[in-house]
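For reference, the structure discussed in these notes is given below.
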Amino acid sequence: MNILVTGGAGFIGSAVCRHLCGNADHRVVNVDKLTYAGNLASLRQIENHPNYRFVRADVCDENAISQILRDNDIDVVMHLAAESHVDRSIDGPAAFVETNIVGTFKLLSAALAHWQQLSAERQETFRFHHVSTDEVFGDLPFDGSFFTEETAYAPSSPYSASKAASDHLVRAWHQTYGLPVVLSNCSNNYGPFHFPEKLIPLVILNALEEKPLPVYGTGANVRDWLFVDDHARALELVATKGRPGDSYNVGGRCERSNLSVVETICRTLDSLRPRRGGACYRDLIAFVADRPGHDRRYAIDASKIERDLGWTPAETFETGLAKTIRWYLDNPWWWEPIRSSRYAGQRLGAAEKALS
Ligand code: NAD
């Protein structure tokens, strides 16, 4: 299969490219604009792989995408390119509307034209896979309920609203034009190569640099965590075996409050890299102003993908987090240049600045 991965230089996209290159039947074309979040260093392991190729392009550039689809005779599009950080969407929603909504529309237009020119047999097996988030479902109370594929959309942030809009466009291209689409809505990912603006890598790196560990509000907000390589396996299954028109919820059944995540990182670092003077990393925790519109809880019912596609996560939160922390300890070559030149850990999304 010739697979186009958009956003393959990002956190999840690079895990998907590394995973797909492990299957000799796949040829992988990674298309990425290389925004602040894109990093070719995350692809070092496969950069010379015979079945892998990188093309720098913007998903909003329909002509460039059309040519890439044609030149590489693409069978499957896995669309991950997006602006992905909720806090940045509060400070500057315009880029989220442009890439996540307009970019998805341009990609759908190019994919539809490409699909219409395929033989009937290849039209049957072609897939457009939109990689989305559980945040489109909005805020869950602390009542033990879960998001299912039937849960109504109720996004709270500019980021989740832009992902909800792109999900709707993708479904419309199936209903209206017959494009064989599949969607997946996944919970919070963590793992190696995660840009250190997100909670887990930010806390690990701030701790190593003896900086405050910011916890929004009281730290009671709950997320359902999934190790990134488990997500990459789920995405390959959805893209290659998912039923056209269907969506699949993906989650690790690992609900943890933000405070408990930060405390677990502190305990693990206390044993792997003790602080000088015998203090605990926990002492660095600093409670800061909450995120505006902060959803209280996300929790995924993943029974459909488990039942229909035979997927289960391999990692528990504890095993995945320990692997992740060890990876950051062993790989400063990857994160040091980001911390020194792209993002040093400053607070984003406190809604004090003018919108742009
Ligand atoms: P990321 O921010 O790490 O990576 C995004 C990638 O997209 C970057 O490499 C960036 O350069 C690229 N990109 C941005 N705008 C582009 C454009 N206009 N054209 C081409 N490339 C562009 O994001 P991530 O965490 O890897 O998330 C990937 C996808 O998965 C996103 O669609 C996100 O909504 C979704 N998702 C993420 C999570 C999570 O926990 N991180 C959970 C569920 C779903």
Side-chain angles (χ1 to χ4, degrees), residues 4-14 16 30-42 54-65 68 77-111 128-136 138 153-170 183 185-186 188-189 193-199 201-202 216 291-295 337-339 341-356:
L4 175 69
V5 177
T6 71
F11 166 50
I12 302 172
S14 65
V16 168
N30 170 11
V31 170
D32 198 295
K33 180 181 174 181
L34 298 182
T35 66
Y36 78 94
N39 191 347
L40 292 179
S42 308
F54 172 71
V55 184
R56 186 171 192 177
D58 186 332
V59 291
C60 297
D61 183 346
E62 193 179 328
N63 288 337
I65 299 292
I68 294 165
V77 175
M78 297 177 76
H79 178 34
L80 292 93
E83 289 294 334
S84 69
H85 190 37
V86 175
D87 286 343
R88 286 184 196 263
S89 82
I90 296 167
D91 291 338
F96 289 71
V97 172
E98 185 61 20
T99 285
N100 300 2
I101 307 178
V102 178
T104 301
F105 160 66
K106 300 280 186 177
L107 194 63
L108 282 165
S109 305
F128 182 102
H129 176 191
H130 187 229
V131 177
S132 191
T133 168
D134 62 354
E135 301 195 25
V136 298
Y153 279 29
S156 305
S157 71
Y159 164 67
S160 53
S162 69
K163 293 297 291 188
S166 51
D167 280 2
H168 290 321
L169 287 175
V170 170
L183 297 93
N185 296 84
C186 186
N188 279 42
N189 282 217
F193 303 104
H194 202 182
F195 193 85
E197 63 191 354
K198 308 281 169 44
L199 179 68
L202 177 70
Y216 291 177
R291 167 189 282 166
H294 203 178
D295 289 332
I338 298 174
R339 291 278 283 191
S341 62
R342 285 201 212 181
Y343 175 67
Q346 65 274 24
R347 175 74 198 261
L348 300 167
E352 282 154 5
K353 287 183 268 171
L355 296 183
S356 57

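Heavy-atom minimum distance, Val31 versus Leu4: CG2-CD1, 3.2 Å. Between Val86 and Ser157 the shortest heavy-atom distance is CG1-CB, 3.8 Å. For the pair Leu80 and Val16, the tightest heavy-atom approach, listed with the atom from each and the gap, is CD2-CG2, 4.3 Å. When all heavy atoms of Val5 and Gly13 are compared, the pair lying nearest together is CG1-O, 4.3 Å. The minimum heavy-atom distance linking Glu98 with Cys60 is given by the pair O-SG, 3.6 Å. Scanning all heavy atoms of the two residues, the minimum distance from Gly345 to Leu202 falls at CA-CD1, 3.8 Å.
Put simply, the side chain of Phe193 does not reach to within 4.5 Å of the side chain of Asn39, judged on heavy atoms. Side-chain atoms of His79 and Val170, non-hydrogen and from C-beta on, never get closer than 4.5 Å to each other. The shortest distance between side-chain heavy atoms of Glu197 and Asp87 does not fall below 4.5 Å. Put simply, the side chain of Tyr216 reaches to within 4.5 Å of the side chain of Arg347, judged on heavy atoms. Two residues are said to be in side-chain contact when any heavy atoms from C-beta on lie closer than 4.5 Å; His130 and Asp167 meet this criterion. With a 4.5 Å cut-off on side-chain heavy atoms, Phe96 and Arg88 count as touching. Residues Val59 and Lys106 have side chains not in contact (no heavy-atom distance under 4.5 Å, counting atoms from C-beta outward).
One N or O on the side chain of Thr6 and one on the backbone of Ala81 form a donor-acceptor pair closer than 3.5 Å. Using a distance-only test at 3.5 Å, with no hydrogens or angles considered, a donor-acceptor pair links the side chain of Ser14 to the main chain of Phe11. Formation of a donor-acceptor pair under 3.5 Å by the Ser160 side chain with backbone atoms of Pro155 is not found in this model. Not one N or O on the side chain of Lys163 forms a donor-acceptor pair closer than 3.5 Å with the backbone of Asp134. Asp32 places a side-chain N or O within 3.5 Å of a backbone atom of Ala9 that can act as its donor or acceptor partner.
Distance CG/Asn30 to CG/Leu40: 7.5 Å, rounded to 0.5 Å. Phe128 CZ to Thr104 OG1: the interatomic distance, rounded to the nearest 0.5 Å, is 6.5 Å. To the nearest 0.5 angstrom, Asn188 atom CG is 9.5 Å from Lys198 atom NZ. Note that CD1 of Ile90 is 9.5 Å distant from CG of Leu348, once rounded to the nearest 0.5 Å.
Annotation: His85 is not in aromatic contact with Phe195 [ring centroid separation under 6.0 Å not met].
For Thr35, the side chain to side chain donor-acceptor pair (under 3.5 Å) criterion is met by no residue, not counting sequence neighbours.
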